[in-house]
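Everything below concerns the one structure shown next.
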Amino acid sequence: MMEKKEIRKQYKMLRNKMSEMEVKEKSDRICQNIISSNLFQQAERILAYAPLGNEVDIRPVIEEGWRQQKRIVFPKVFGDTMRYFEISSFSQLKEGTFHVMEPVETNPVDWEEALVFVPGVAFDRQGNRMGYGKGYYDRFFEGKTDCVKVGVAYELQVADQLPTEENDLPVEYLVTEKGVWKRQ
Ligand SMILES: Nc1nc2c(c(=O)[nH]1)N(C=O)[C@@H](CNc1ccc(C(=O)N[C@@H](CCC(=O)O)C(=O)O)cc1)CN2
Ligand SMILES: Nc1ncnc2c1ncn2[C@@H]1O[C@H](COP(=O)(O)OP(=O)(O)OP(=O)(O)O)[C@@H](O)[C@H]1O
């Protein structure tokens with residue numbers, strides 16, 4: 001448990017050390033990898049996220065999705081759960097809990113089947129994920145077996161082997177600036 005906290009701290013530090021230019025260049029390459037993937041091209045419904053701090057900036061993917069008439073939703077935190085709301089422009093995001101940009105609550109959705117972009121502090125090639133330690137994603141996607149989860153991260157966030165826990169849900173894919181990886 002202590003180990004997990006330490007690992008989280010280390011990877012947060014690595015990510016926070018990046019310059020604005022490094023974030024932009026790597027994010028753009030990650031976005032290109034996503035946009036050219038079959039996963040993205042075939043998706044009609046996308047559960048996205050609004051980047052916080054130095055998290056991978058997937059806004060170019062979202063813009064491309066809107067251009068292609070895909071439906072895109074963003075999470076909003078309510079206590080210890082999150083719900084997703086559809087928006088069609090970044091102007092429908094407002095700063096909320098944990099300083100995350102959250103969607104207006106006009107259009108709630110609860111899709112069974114979707115492509116999910118999952119941010120994280122660290123991932124490994126087995127699909128294990130470490131987030132901020134609040135468990136929002138693990139709770140939300142428990143039982144949602146038709147949601148394809150794609151971890152989005154910089155190569156520097158990829159660990160050899162993260163410690164796992166009972167409730168952890170692995171991501172099926174991981175995208176970095178080097179490419180798209182299927183779990184295992
Ligand atoms: N962009 C984004 N949106 C998201 C998540 C996320 O990880 N990233 N979440 C996934 O669960 C949920 C929000 N949960 C969060 C839980 C804790 C912190 C948090 O502790 N943030 C740090 C600062 C982050 C940094 O810049 O490194 C902090 O407040 O100290 C943020 C979001 C839903 N929306
Ligand atoms: N499915 C679940 N049901 C109940 N509690 C859960 C579930 N998943 C996770 N939790 C609880 O949430 C807490 C944080 O879990 P964990 O450390 O795995 O978060 P994380 O995945 O790193 O963070 P986040 O998803 O917020 O980015 C733990 O105390 C865990 O017990």
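Note that ligands are numbered from 1 as they come in the structure, with each ligand's atoms numbered from 1 the same way.
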With a 4.0 Å cut-off on N to O distance, would you call Arg29 and Glu177 a salt bridge?
no
Is the shortest heavy-atom distance from the side chain of Tyr132 to the side chain of Leu52 under 4.5 Å?
yes
Please confirm whether Glu165 comes under 4.0 Å of ligand 2, counting heavy atoms of the residue only.
no
When Ile34, Val171, Ile62, Ile72 are each screened for side chain to side chain contact (heavy atoms under 4.5 Å, CB included) with Phe117, the one that passes is Ile34
What are the two closest heavy atoms between Val158 and Arg125, and how far apart are they?
CG1-CZ, 3.8 Å
Applying a 4.0 Å heavy-atom criterion (strictly less than), which segment of Arg8 is in contact with ligand 2: side chain, backbone, both, or neither?
side chain
In this structure, atom 33 (C) of ligand 1 is nearest to the protein heavy atom Met82 SD, 3.8 Å
Are side-chain heavy atoms of Trp181 and Phe123 found at a separation under 4.5 Å?
no
Tell me whether the count of non-hydrogen atoms from other residues, nucleotides or ligands lying under 6.0 Å of CG in Asp160 goes above 12.
no
Could you check whether atom CD of Gln68 has more than 12 heavy atoms from other residues, nucleotides or ligands sitting under 6.0 Å from it?
yes
Considering non-hydrogen atoms of the protein only, which is the closest contact for atom 34 (N) of ligand 1, and what is the distance?
Pro75 CG, 3.7 Å
Can you tell me which residue and heavy atom of the protein come closest to atom 30 (O) of ligand 1, and the distance to 0.1 Å?
Lys12 NZ, 4.2 Å
Given Lys149, which of Leu169, Leu115, Leu174, Leu47 fulfils the side chain to side chain contact (heavy atoms under 4.5 Å, CB included) condition?
Leu169
Kindly confirm or rule out a cation-pi arrangement of Arg139 over Phe141, judged by NZ or CZ under 6.0 Å from the six-membered ring centre and within 45° of its axis?
no
What residue and atom, counting heavy atoms only, is the protein's closest point to atom 26 (O) of ligand 1, and at what distance?
Gly53 CA, 4.1 Å
Do ligand 1 and Ala50 have nitrogen or oxygen atoms that lie under 3.5 Å from each other?
yes
How long is the span from the NZ atom in Lys178 to the NZ atom in Lys26, to the nearest 0.5 Å?
9.0 Å
Considering only heavy atoms of Tyr136, which atoms of ligand 2 have at least one such atom less than 4.0 Å away?
24 (P), 25 (O), 26 (O)
Any idea how Phe74 and Phe90 line up, ring-wise: parallel (<30°), tilted (30 to 60°), or perpendicular (>60°)?
perpendicular
With heavy atoms of Asp138 as the reference, note each atom of ligand 2 found under 4.0 Å away.
1 (N), 8 (N), 9 (C), 18 (O), 21 (O)
Heavy-atom protein contact below 4.0 Å for atom 11 (O) of ligand 1
yes
Residue selection (non-hydrogen contact nearest atom 21 (O) of ligand 2) among Lys4, Arg129, Arg139
Arg129
Is there at least one pair of N or O atoms, one from Met130 and one from ligand 2, spaced under 3.5 Å apart?
no
Report the nearest protein non-hydrogen atom to atom 27 (O) of ligand 1: residue, atom name, distance rounded to 0.1 Å.
Arg15 NH2, 3.7 Å
Does Arg15 make a cation-pi contact with Tyr154 (under 6.0 Å, within 45 degrees of the axis)?
no
Can you name the residues that form a side chain to side chain contact (heavy atoms under 4.5 Å, CB included) with Ser91, not counting sequence neighbours?
Ser89
Which is closest to atom 9 (N) of ligand 1 in terms of heavy atoms, Tyr136, Tyr132, Phe140, Tyr137?
Tyr137
Atoms of ligand 2, numbered as shown, that sit under 4.0 Å from any heavy atom of Asp168:
18 (O)
Pick one of side chain, backbone, both or neither for how Lys134 approaches ligand 2, counting any non-hydrogen atom pair under 4.0 Å.
both
Check if Glu102 has a non-hydrogen atom at a distance under 4.0 Å from any atom of ligand 1.
no
Side chain, backbone, both or neither: which part of Glu55 has a heavy atom under 4.0 Å from ligand 1?
side chain
Give the numbers and elements of all ligand 1 atoms closer than 4.0 Å to a heavy atom of Pro119.
6 (C), 7 (O), 8 (N)
Protein heavy atom at shortest distance from atom 3 (N) of ligand 1:
Val100 CG1, 3.6 Å
Donor-acceptor check, side chain of Ser27 to backbone of Asp57, threshold 3.5 angstrom: yes or no?
yes
To the nearest 0.1 Å, how far is atom 13 (C) of ligand 1 from its closest protein heavy atom, and which atom is that?
Val77 CG2, 3.8 Å
Do Phe78 and Met101 share a hydrophobic cluster, counting only Ile, Leu, Val, Met, Phe, Trp and Tyr and linking them when any side-chain heavy atoms are less than 4.5 Å apart?
no
Which ligand 2 atoms, with their elements, are less than 4.0 angstrom from a heavy-atom of Tyr137?
25 (O)
Less than 4.0 Å between atom 6 (C) of ligand 1 and some protein heavy atom, yes or no?
yes
So which protein heavy atom does atom 15 (C) of ligand 1 come closest to, and at what separation?
Phe98 CD1, 3.3 Å
Could you report the tightest heavy-atom contact between Asp168 and Pro163, atom names first, then the distance?
OD2-O, 4.2 Å
Note: Val121, heavy atoms under 4.0 Å from ligand 2, region reported as neither
Give the contacting part of Thr97 toward ligand 1: side chain, backbone, both or neither, where contact means a heavy-atom distance below 4.0 Å.
neither
Among Gly131, Pro119, Gly135, Ala122, closest by any non-hydrogen atom to atom 26 (O) of ligand 2
Gly135
Hydrophobic cluster membership, with links at side-chain heavy-atom distances under 4.5 Å among I/L/V/M/F/W/Y: are Phe85 and Phe140 in one?
no
Which atoms of ligand 1 are found less than 4.0 Å from any heavy atom of Tyr49?
1 (N)
Taking only non-hydrogen atoms of Leu52 and a 4.0 Å limit, the atoms of ligand 1 in range are 1 (N), 24 (C), 31 (C)
